[in-house]
Amino acid sequence: MESHDPAAVARRFPLLLANDGLVYLDNAATTHRLDSVLERISRFYGTQNSNVHRGLYGLAAGATEAYEAARVAVAHYIHAPSPEEIIFVRGTTEAINLVASCWSRSFLRKGDEILTTAMEHHSNFLPWIEAARTHGASLKVCSVGGDGELDLEDLAKKLTPRTKLLAVTHVSNVLGTVNPISKIVSMARQVGAHVVVDGAKRMDGGPVDIARLGCDFYAFSGHKMFAGMGIGVLYGRRELLERMPPYQLGGGMVERVSEDDFNCRVLPEKFEAGTPNVAGAIGLHAALQFLETFPWEAHRAHGEKIRAYLENALADLPGVRLFGCGRERAGIYSIACAAVHAHDLASMLATKNICVRAGNHCAQPLLRHLQVPATLRASFSIYNTMEQAAAFVDCLRWAIGILG
């Protein structure tokens with residue numbers, strides 16, 4: 001197994017290099033930008049800047065080639081059958097809204113059911129509330145067990161022949177729970193339901209295999225995998241994308257326009273109206289080139305050491321409750337302290353240069369289930385060390401001692 005040195009990895013991130021002593025544990029909100037990503041984006045704007053497609057001059061051809069190469073790279077990284085099934089969007093939120101709007105118009109009817117879960121980010125919850133309202137369908141919610149894992153027995157009960165779509169997160173952004181997507185998809189297939197997966201918090205943990213997962217849609221954001229903000233990806237199964245209407249109308253997505261009608265272009269242009277985020281896609285390609293050679297097995301072993309340490313250390317802190325203890329967990333740790341509000345703890349940690357997040361993390365249904373108004377969340381990534389985990393616990397103990 002290759003070695004993994006998080007401190008050495010951190011030197012590939014200019015912001016971390018420029019802020020010595022920073023303990024950045026807010027990776028579930030956004031990761032930092034790789035040096036190669038920043039260089040590639042800068043080089044595009046400095047030497048290649050042009051709009052893509054249809055331009056016959058050299059800059060336009062070069063920009064188009066780089067943009068489409070990024071699409072091919074994404075398809076390869078997630079094992080998608082074809083680059084034409086890769087739609088560039090602004091991020092996970094737009095990707096899921098695209099599916100909720102366009103899929104629903106083609107496939108959802110009055111009396112149908114949509115099933116989601118109590119651990120979803122609002123981005124994979126609110127669009128389905130709206131879709132159900134718009135089309136006269138009903139929304140069901142699968143419960144979460146006391147261990148922070150989805151209640152698969154409840155899921156099986158709520159999947160019925162009327163279920164047309166299941167929306168589920170790959171990794172909970174509050175609990176760190178890694179859901180068994182292949183098994184969940186298999187359960188949904190038994191009733192003929194389509195499946196959309198929110199992969200936003202999964203993508204800083206290595207490649208995914210869409211073919212193995214078997215889902216119909218998979219959405220993720222570049223900014224949570226060391227690329228830029230404002231670029232994301234929707235993978236969609238070709239036969240569904242071809243039956244769905246376009247999400248937005250305008251330049252780039254249309255083949256023929258008359259005074260009273262138009263024809264859309266083929267995939268993927270059909271869903272990419274307007275000027276795309278060319279630099280963002282090219283920057284995402286640079287991030288993928290780094291991630292493809294990263295020692296993920298060693299990183300996961302390092303993450304398990306941090307997990308063992310944190311679960312033991314946090315259990316020893318007075319009045320602290322750690323949420324979620326599933327069999328498989330990403331590097332996300334949400335806690336509540338009986339004596340101190342999460343926002344106060346986060347403010348105290350900020351004075352020690354420790355960056356965490358406090359609040360409901362855009363997951364209000366889940367926090368109501370947990371019966372807390374807010375949690376303090378520390379989320380780890382490839383550049384976080386065991387020493388930083390210890391610093392987090394030590395400062396947390398100090399803050400509780402002062403405020404509690």
Side-chain angles (χ1 to χ4, degrees), residues 12 14 33-92 94-95 98 102 203 207 210 218-238 241-242 244-258 261-293:
R12 293 289 309 273
R33 312 287 87 82
L34 270 162
D35 52 7
S36 56
V37 169
L38 296 173
E39 186 280 329
R40 187 63 187 93
I41 292 173
S42 178
R43 179 156 51 92
F44 168 75
Y45 280 125
T47 67
Q48 292 181 290
N49 182 54
S50 173
N51 215 324
V52 293
H53 304 141
R54 298 181 302 284
L56 301 180
Y57 54 94
L59 283 177
T64 299
E65 182 179 358
Y67 181 66
E68 294 303 332
R71 195 188 310 276
V72 171
V74 171
H76 174 78
Y77 191 73
I78 66 171
H79 297 86
S82 168
E84 295 172 353
E85 296 175 307
I86 301 300
I87 312 299
F88 283 126
V89 290
R90 290 181 299 164
T92 307
E94 184 173 45
L98 187 160
C102 302
M203 295 305 291
I210 291 297
Y218 195 94
F220 59 93
S221 302
H223 77 97
K224 295 191 178 181
M225 51 191 300
F226 320 111
M229 294 182 176
I231 187 68
V233 170
L234 172 66
Y235 157 78
R237 195 181 298 277
R238 178 191 292 272
L241 292 175
E242 289 179 339
M244 289 159 50
Y247 184 49
Q248 296 177 318
L249 303 176
M253 54 69 62
V254 69
E255 183 68 38
R256 182 192 62 81
V257 181
S258 67
D261 199 7
F262 64 89
N263 290 337
C264 295
R265 295 179 66 86
V266 298
L267 297 175
E269 288 90 350
K270 173 183 175 181
F271 292 103
E272 294 185 6
T275 297
N277 185 355
V278 181
I282 293 172
L284 177 58
H285 189 180
L288 295 179
Q289 289 173 325
F290 169 82
L291 296 175
E292 282 179 337
T293 62

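Predicted model only: the values in this text are computed from it and were never measured. When reading the values below, keep in mind they use all heavy atoms of this one structure, side chains included, and skip hydrogens, waters and symmetry mates.
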> So which heavy atom on F226 is nearest to which on V37, and how close?
Replying inline: O-CG2, 3.5 Å
> Is there a donor-acceptor pair closer than 3.5 Å between any side-chain N or O of N277 and the backbone N or O of G230?
Replying inline: yes
> Rounded to the nearest 0.5 Å, how far apart are CG of L234 and CG of L241?
Replying inline: 6.5 Å
> Can you list the steps and then say if R238 with E84 is a salt bridge (Lys or Arg N to Asp or Glu O under 4.0 Å)?
Replying inline: CA-CA 8 Å; R238 178 191 292 272; E84 295 172 353; 2.6 Å; yes
> With a 4.5 Å heavy-atom cut-off, do L98 and Q248 have their side chains touching?
Replying inline: no
> Can you find a pair of side-chain heavy atoms, one from Y77 and one from Q289, that are under 4.5 Å apart?
Replying inline: no
> Could you go step by step and tell me if R71 and E272 meet the salt bridge (Lys or Arg N to Asp or Glu O under 4.0 Å) rule?
Replying inline: CA-CA 13 Å; R71 195 188 310 276; E272 294 185 6; 2.7 Å; yes
> Is there side-chain contact between F220 and V74, with heavy atoms separated by less than 4.5 Å?
Replying inline: yes
> Do R33 and E39 sit within salt-bridge range, that is, some charged N less than 4.0 Å from a carboxylate O?
Replying inline: no
>> Measuring from atom CG of N263 to atom CZ of R256, what distance do you get when rounded to the nearest 0.5 angstrom?
In response: 4.5 Å
> How close do I41 and A279 get, heavy atom to heavy atom, and via which atoms?
Replying inline: CG1-O, 3.6 Å
> Looking only at heavy atoms, which two atoms of A287 and L34 are closest? And how far apart?
Replying inline: CA-CD1, 4.1 Å
>> Using every non-hydrogen atom in the two residues, find where A70 and F88 come nearest and quote the distance to one decimal.
In response: C-CZ, 3.9 Å
> Just wondering, do M253 and F271 contact through their side chains at under 4.5 Å, heavy atoms?
Replying inline: no
> Between atom CD1 of I210 and atom CD1 of I78, what is the distance when rounded to the nearest 0.5 Å?
Replying inline: 4.5 Å
> So do the side chains of V52 and P276 get within less than 4.5 Å of each other, counting heavy atoms only?
Replying inline: yes
> Do V89 and I231 have side-chain heavy atoms sitting under 4.5 Å apart?
Replying inline: no
> Under 3.5 Å, is there a donor-acceptor pair between the side chain of T64 and the main chain of H53?
Replying inline: yes
> Does S221 use its side chain to pair, donor to acceptor, with the backbone of T92 at less than 3.5 Å?
Replying inline: yes
> Can you tell if the side chain of V233 reaches within under 4.5 Å of the side chain of L284, non-hydrogen atoms only?
Replying inline: yes
>> Can a donor-acceptor pair be found, under 3.5 Å and without considering hydrogens, that links the side chain of E65 to the backbone of A61?
In response: no
>> Treating T47 as the side-chain partner and R43 as the backbone partner, does any N or O pair qualify as donor plus acceptor under 3.5 Å?
In response: yes
> Any side-chain heavy atom of M203 within less than 4.5 Å of one from L291?
Replying inline: no
> Hey, mind stepping through S50 and Q48 against side-chain contact (heavy atoms from CB on, under 4.5 Å) and telling me if it holds?
Replying inline: CA-CA 6 Å; S50 173; Q48 292 181 290; over 6 Å; no
>> Quick check on R12: does its CZ atom have over 12 non-hydrogen neighbours (other residues, nucleotides or ligands) under 6.0 Å away?
In response: yes
> Is there a donor-acceptor pair under 3.5 Å between the side chain of K270 and the backbone N or O of Y247?
Replying inline: no
> When rounded to the nearest 0.5 angstrom, what is the spacing between CZ in R237 and CE in M244?
Replying inline: 12.5 Å
>> Tell me whether E242 at atom CD has more than 12 heavy atoms from other residues, nucleotides or ligands lying less than 6.0 Å away.
In response: yes
>> Quick check: closest heavy atoms across A219 and A95, and the distance to 0.1 Å?
In response: CB-CB, 3.6 Å
> Roughly how far, to the nearest 0.5 Å, is the CD atom of E269 from the CD1 atom of I87?
Replying inline: 8.5 Å
> Which atoms form the tightest heavy-atom contact between P83 and V72, and what is the distance?
Replying inline: CG-CG2, 4.0 Å
> Which value, rounded to the nearest 0.5 Å, describes the distance between R40 atom CZ and L38 atom CG?
Replying inline: 13.0 Å
